[in-house]
2 protein chains.
Amino acid sequence: MTDVRVLLVDDHPVVRAGLRAMLTEFEGISIAADAADGKAALRELSRLAVLGEGVDVVLMDLQMGAGMDGVAATAAIRKLAAPPPVLILTTYDTDADILAAVEAGASGYMLKDAPPEQIRQAVFAAAAGETVLAPKAAALLMNRITNPGTSLTPREVQLLELLATGLSNRAIAKQVFISEATVKTHLVHIYGKLGVDNRTAAIAAATQRRIIRPPGQAS
Amino acid sequence: MTDVRVLLVDDHPVVRAGLRAMLTEFEGISIAADAADGKAALRELSRLAVLGEGVDVVLMDLQMGAGMDGVAATAAIRKLAAPPPVLILTTYDTDADILAAVEAGASGYMLKDAPPEQIRQAVFAAAAGETVLAPKAAALLMNRITNPGTSLTPREVQLLELLATGLSNRAIAKQVFISEATVKTHLVHIYGKLGVDNRTAAIAAATQRRIIRPPGQAS
DNA sequence: CGGCGGGTCAATCAAAAGGTTGACCCCGGG
DNA sequence: CCCGGGGTCAACCTTTTGATTGACCCGCCG
């Protein structure tokens with residue numbers, strides 16, 4: 001049985017070094033390569049493919065300052081011929097992040113502050129084709145299928161995120177290429193589901209329930 | 001010349017491992033210990049002091065989920081008898097983070113996405129008693145001393161906090177026993193100082209600059 | 001003492017946001 | 001095949017917010 005070959009994708013050299021050090025200490029895991037952003041990850045994948053060296057798991061951060069971000073990179077990887085499973089390893093456990101990652105085709109969602117042993121298990125599980133979710137991610141998805149009426153749709157979450165950045169209805173409309181009327185419609189739905197009646201209260205509620213990340217907590 | 005002895009403080013095992021791996025590769029640096037939060041850092045410092053093993057530089061993250069955060073830890077360390085220099089190594093370069101760190105007595109402010117070589121130089125500089133700032137940190141402090149007139153008054157901060165909870169102008173007025181007109185006046189001033197033109201953008205800006213805590217985050 | 005900054009309030013107008021109703025399209029499942 | 005949910009848009013009206021102007025009080029400081 002050969003090692004599980006991992007591709008690390010994270011924009012922080014420190015984190016890459018940390019994962020490399022941590023994972024190589026485990027039996028049965030080796031680091032195939034690392035990349036600082038999504039584009040570099042795709043390059044590494046094709047480079048390794050040419051060499052005949054497969055990658056068994058991609059370990060991907062979601063927040064990446066420059067270049068292609070984690071969601072886009074995950075989606076791109078899943079479109080390859082024989083895509084390796086993508087395990088998201090990130091800092092935040094907000095609904096928005098989790099949903100985006102799952103929709104993009106991630107096969108797992110773990111948090112960076114997880115103990116090393118959990119990360120090790122997650123890597124093996126992902127390599128075996130299993131889905132592995134952090135507790136909060138699992139709970140969110142369960143809740144989503146049991147009572148879909150009260151939870152926000154992906155579109156609504158998207159607008160909520162833009163809302164939280166301080167954009168006006170008109171600005172949001174332009175951003176997502178819909179009319180201002182539609183933005184209002186969505187917002188009314190959002191207010192109803194969150195039990196509020198204005199945008200600032202919606203931001204507060206959504207932040208509190210960890211539907212969105214606090215404003216301005218980017219990379 | 002003995003090695004520069006470093007104490008790592010970061011709540012993520014991955015990051016601690018990364019810094020450890022990265023720094024130990026450099027000549028002249030060794031890791032004295034690491035800690036997951038502020039309290040543990042102080043414990044480590046006193047433990048090492050008892051052993052007669054000094055610490056030359058504390059490498060500190062600002063954001064730490066549980067326990068004492070980076071700012072408080074920095075302040076506490078600076079109150080020790082022979083405090084080692086504290087070099088902040090964090091993810092965000094927001095105004096309030098930088099200001100809080102400098103006010104707490106940090107002798108440097110670096111970003112985690114800095115290349116390893118820069119981090120190495122910063123550690124040596126800090127150990128030598130020098131001050132080392134990331135470009136944005138330096139720029140902010142320069143700007144702050146040249147035009148100090150742009151900061152919010154305590155009253156304005158108070159209204160901003162209420163604003164962030166989702167209250168309407170009228171509700172804010174009742175809360176602090178002033179008229180709605182006065183609330184509007186304050187908001188106009190706040191918008192001017194923050195460079196925004198509506199309440200949601202004010203919340204985003206204030207959160208980003210850590211003037212207020214993200215909505216629904218316990219203090 | 002005289003000003004100045006912070007806090008208070010009012011009136012007014014313009015702009016944005018909120019609420020309602022109704023409509024159309026598309027897709028997936030009973 | 002029809003229904004329902006999600007997404008889109010429009011028209012309309014009410015309420016809230018934002019912007020401007022001007023005013024008063026108070027405490028501090030030169």
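Each chain gets a letter, A, B and so on, in the order its sequence line appears, and its residues count up from 1.
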Asker: Check the phosphate of dA17(C) against N169(A), side-chain N and O only, distance under 4.0 Å to OP1 or OP2. Yes or no?
Answerer: yes
Asker: Do S179(A) and T182(A) get their side chains close enough for a donor-acceptor pair, meaning under 3.5 Å?
Answerer: yes
Asker: Would you kindly give the CG-to-P distance between N198(B) and dT16(D), to the nearest whole Å?
Answerer: 18 Å
Asker: Using atom CD1 of I172(B) as one end and atom C1' of dG7(C) as the other, report the distance to the nearest whole Å.
Answerer: 16 Å
Asker: E156(B) CD to dG5(C) C1': how many Å, rounded?
Answerer: 11 Å
Asker: Testing the basics here: between A164(A) and A204(B), what is the closest heavy-atom pair and its distance to 0.1 Å?
Answerer: O-CB, 3.5 Å
Asker: What is the nucleic acid contact for T185(A), judged by heavy atoms within less than 4.0 Å: base, sugar-phosphate only, or nothing?
Answerer: base
Asker: Does dC9(D) have OP1 or OP2 under 4.0 Å away from a side-chain N or O of T182(A)?
Answerer: yes
Asker: Identify which nucleotide among dC9(D), dG7(D), dA17(C) has an atom closest to any side-chain atom of T153(A), counting heavy atoms from C-beta outward.
Answerer: dG7(D)
Asker: Kindly give the heavy-atom pair with the smallest separation between R20(A) and L8(A), and that separation in Å.
Answerer: N-CD1, 3.8 Å
Asker: Could you tell me whether S168(A) contacts a base, only the sugar-phosphate backbone, or nothing, with contacts defined as non-hydrogen atoms closer than 4.0 Å?
Answerer: sugar-phosphate
Asker: Just the rounded figure in Å: distance from C1' of dG7(C) to CZ of F177(B).
Answerer: 17 Å
Asker: Rounded to whole angstrom units, what separation is found between the CZ atom of R155(B) and the C1' atom of dG7(C)?
Answerer: 8 Å
Asker: Above 12 or not: heavy atoms from other molecules or residues under 6.0 Å from CZ of R47(A)?
Answerer: yes
Asker: Nearest to the Y191(A) side chain among dA19(D), dG19(C), dT8(C), which nucleotide is it?
Answerer: dG19(C)
Asker: For the side chain of K184(B), counting heavy atoms from C-beta on, which of dC9(C), dG18(D), dA16(C) is nearest?
Answerer: dG18(D)
Asker: Using atom CG of L159(A) as one end and atom P of dG7(D) as the other, report the distance to the nearest whole Å.
Answerer: 9 Å
Asker: Measure from the side-chain heavy atoms of V188(B) and tell me the nearest of dG18(C), dC9(C), dT20(D).
Answerer: dT20(D)
Asker: Which nucleotide wins on minimum distance to the side chain of H186(A), given the candidates dA19(D), dT8(C), dG7(D)?
Answerer: dG7(D)
Asker: Under 4.0 Å: is that the gap between some side-chain N or O of S179(A) and OP1 or OP2 of dT8(D)?
Answerer: no
Asker: Does a side-chain N or O of H189(B) approach OP1 or OP2 of dG6(C) to a distance below 4.0 Å, or not?
Answerer: no
Asker: I need the CD-C1' distance between E180(A) and dG18(C), as an integer number of Å.
Answerer: 12 Å
Asker: Within the 4.5 Å heavy-atom criterion, are L194(A) and L160(A) side-chain neighbours or not?
Answerer: yes
Asker: What is the distance from CG of D197(B) to P of dT20(D), rounded to the nearest Å?
Answerer: 11 Å
